[in-house]
Every structure is written in structure tokens, then in C-alpha cells.
Amino acid sequence: MVTLRLFAHLREIAGTARVELEGETVAEVLSAARARFGDEFASGLQSAAIWHNGETASPADAVKEGDELAIIPPVSGGSGTMAQGMVDSALVAGLVGLLLLIGTNLAPGPAWWAAGLVLLMAVWSVDIAARLEDRGREPVTLGILTAIVVAVISTHVYGGVGLGFSLYISVAVVLAWGVVVSRYRQLTDVAPSVLIALVATSGTGSLMLTRTIYEPDQHAISIFILAVGLAAVVAAILDRVRAPLLDPYSGTALAAVLGSVVGALIWEEDVVGFVLVGLGLALFLVVGRSLGSILRTGRV
Amino acid sequence: LGLLDGAMFAAALYYPLVSVIF
């Protein structure tokens with residue numbers, strides 16, 4: 001029997017961190033694991049690093065009784081303790097982000113709100129770019145950050161037209177970066193960079209514009225913060241605790257609709273309208289998470 | 001920060017969504 005140690009989402013799929021399996025070689029043990037834990041596990045296995053008694057292993061390596069194989073997916077951070085640390089720092093970051101949005105929304109005038117958004121989008125872009133770098137890509141991080149700043153200024157000055165302009169700018173800045181710096185000329189680096197820049201700039205511009213137009217009278221931003229915050233909290237809980245009938249994605253979607261409706265009731269807004277907004281948010285949250293997962297790990 | 005991905009995407013499309021509905 002060989003001990004297989006599992007980390008991150010492979011551990012979640014298998015429902016255990018440690019399993020004993022039969023096999024003469026690394027490949028045989030892994031195929032026994034595939035047979036036991038199914039297709040989702042098998043696809044996760046493709047991008048995972050395999051360690052045999054603390055050394056990198058290849059499929060043909062022979063294994064014997066009492067050996068230990070560790071399967072470490074790229075997102076786990078390398079070991080059990082690291083994975084645990086990353087989970088906590090992600091929670092803290094999410095909470096800080098939420099408080100930042102609430103605080104800057106309460107502050108009068110658009111300046112604090114804009115500054116908070118830029119900070120949040122910058123942190124997110126740098127984080128997702130770092131994950132791409134982990135996978136050997138070279139995202140145009142500085143170009144993305146430049147695009148975010150340009151988006152804030154252009155949306156503040158020109159409103160809706162500025163938001164449209166900032167989308168054009170975010171594509172142009174990232175592409176132009178490749179003209180100046182030769183190592184950013186690979187399509188596999190430019191494409192995700194443009195995508196990150198588009199999401200970050202339109203996110204910044206869109207929330208700025210919504211606050212300018214719909215706050216403080218119509219509470220669209222407060223309801224956004226409530227719905228998305230609730231959805232993130234529910235998703236964070238469901239990622240850690242397995243609930244019957246509710247996976248993280250449907251939990252996120254339900255929480256977004258619920259948050260939106262509760263927000264509309266609290267601030268006495270049009271409930272029917274905000275049910276639709278909640279449904280839209282639910283869809284965007286689920287799609288966005290899948291998109292993020294593609295960018296971070298190359299898989300949905 | 002995977003949880004933020006969905007939130008960022010939702011943020012990006014929030015203004016178009018709200019302005020279409022209201």
C-alpha cells in the first residue's frame with residue numbers, strides 16, 4: 001500500500017487528505033486514484049505536481065510499501081500548511097475589500113470611492129497576474145495598472161463616454177506595452193492581460209458611474225455591496241463546508257438574488273427591479289468566477 | 001483571491017445592468 005496525500009481542490013473532490021492505494025509504479029497508483037475519485041479528480045491531476053517521498057516523481061518511478069506520494073495542484077501553494085495560510089489570507093483580503101467598499105461609499109464625494117476602487121482593482125489585477133506568472137506567463141501588469149488609473153480619470157471627467165473610452169484605452173495600453181517591451185509580444189501573454197485590463201477598467205468605471213448617477217438617492221451601490229458581499233461570504237463558507245443540495249456556485253447565485261432583494265427592502269427601492277438586478281449579478285458572479293478560474297489555473 | 005473574480009466581473013457589468021433595468 002502506498003499513501004497518497006492530497007491537497008487543495010483535489011482533497012475537496014476526494015473528500016480526504018490521505019488515502020492508501022495499491023500500485024507498483026507512480027502511474028499505477030495515480031490510475032487507481034483516478035478510478036476511485038472520478039473524472040473531475042482526473043482532470044485536476046493533469047496540472048498537479050507529484051512528489052514521491054519528498055522528491056519530484058515521474059510516472060515510471062517504482063513505489064514500494066509505505067512510500068508516500070504527494071499530489072500538489074498549482075493553486076495549493078505547495079503544501080498543506082501553505083494552502084491553509086492562503087485560505088486565511090484570501091478571507092482576510094476579501095473582508096478588507098468589503099470594508100473598504102463600505103467605508104469609501106459612506107464617505108462624501110467621489111474621491112474616496114474612486115481611490116478605494118483603484119486600490120481594490122489593482123490588488124486583484126496584481127494577484128491574478130501573479131497566478132499567471134506562476135504558470136510561466138508574462139502578464140503586462142504595469143500596463144493593466146496604468147489602464148485602471150486612466151479608466152478612473154476618464155470616467156470621472158467624461159462619465160459614460162469616458163467609460164467607453166477607458167475600454168478602448170485598456171486594450172490599447174496593453175497592446176502598446178508589447179510594442180515597447182519586446183517580451184510582452186506573445187499572444188498567450190497579451191490575451192489574458194487584455195482580458196484582466198478590460199474587467200478591471202470596466203469594473204472601476206462602472207462602479208464609479210453607478211455611484212455618481214444612482215447614489216445617494218437610489219442606493220444602487222449599497223445594494224451591490226450587500227448582494228456581492230453576501231454572495232462572497234456564502235461562497236467562502238460553502239467552499240469550506242460541504243452542504244447538502246447547495247454547491248458554492250448555486251449558493252453564490254442564491255445569495256446574490258437574496259442580498260439584492262433584502263437591500264431593495266431595506267432601502268425601500270423597486271423590489272421587482274432589484275430581483276432582476278440580483279439575477280443578473282448571480283449570473284455575472286458565477287461566470288466571473290469561472291473566468292477567474294480559467295485565468296488562474298487554466299481550467300473551469 | 002478567487003472569490004474576488006466573480007465580484008470584479010459583476011462590478012464590470014453592474015452599471016450596464018442597472019441602467020438597462022431602471
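Every chain is numbered from 1 and lettered A, B, ... according to where its sequence line falls, protein lines coming before strand lines.
Among all heavy-atom pairs drawn from B:Asp5 and A:Gly288, the shortest one is CB-O, 3.6 Å.
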Check residues 12-20 of chain B and write down every donor-acceptor pair under 3.5 Å in which the side-chain atom is one partner and the other belongs to a residue at least two apart or another chain.
residue : atom : partner  : partner atom : Å
B:Tyr14 : OH   : A:Ala220 : O            : 2.7
B:Ser19 : OG   : B:Tyr15  : O            : 2.8
B:Ser19 : OG   : B:Pro16  : O            : 3.1

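Interface remark: A:Leu283 contributes no atoms to any contact with chain B (heavy atom separation under 4.5 Å). With a 4.5 Å cut-off on non-hydrogen atoms, A:Leu163 touches chain B through its side chain but not through its backbone. Residue contact with chain B, scored on non-hydrogen atoms closer than 4.5 Å, involves the side chain of A:Leu291 exclusively.
Other residues, nucleotides and ligands contribute only 12 or fewer heavy atoms inside 6.0 Å of the CZ atom of A:Phe165.
For A:Ser250, the side chain to side chain donor-acceptor pair (under 3.5 Å) partners are A:Asp247, not counting sequence neighbours.
Residues A:Val277 and B:Phe22 meet the side-chain proximity criterion, which asks for heavy atoms closer than 4.5 Å.
Pairs engaging residues 94-104 of chain A under the salt bridge (Lys or Arg N to Asp or Glu O under 4.0 Å) rule: none recorded [sequence neighbours left out].
A:Leu120 contributes atom CG, which lies 4.0 Å from atom CE of B:Met8 (distance to the nearest 0.5 angstrom).
Within residues 192-202 of chain A, the residues having any heavy atom under 4.5 Å from a heavy atom of chain B are, by residue number, A:Val199, A:Ser202.
Considering only heavy-atom pairs separated by less than 4.5 Å from chain B, the leading option among A:Ile213, A:Leu207, A:Asp270 is A:Leu207.
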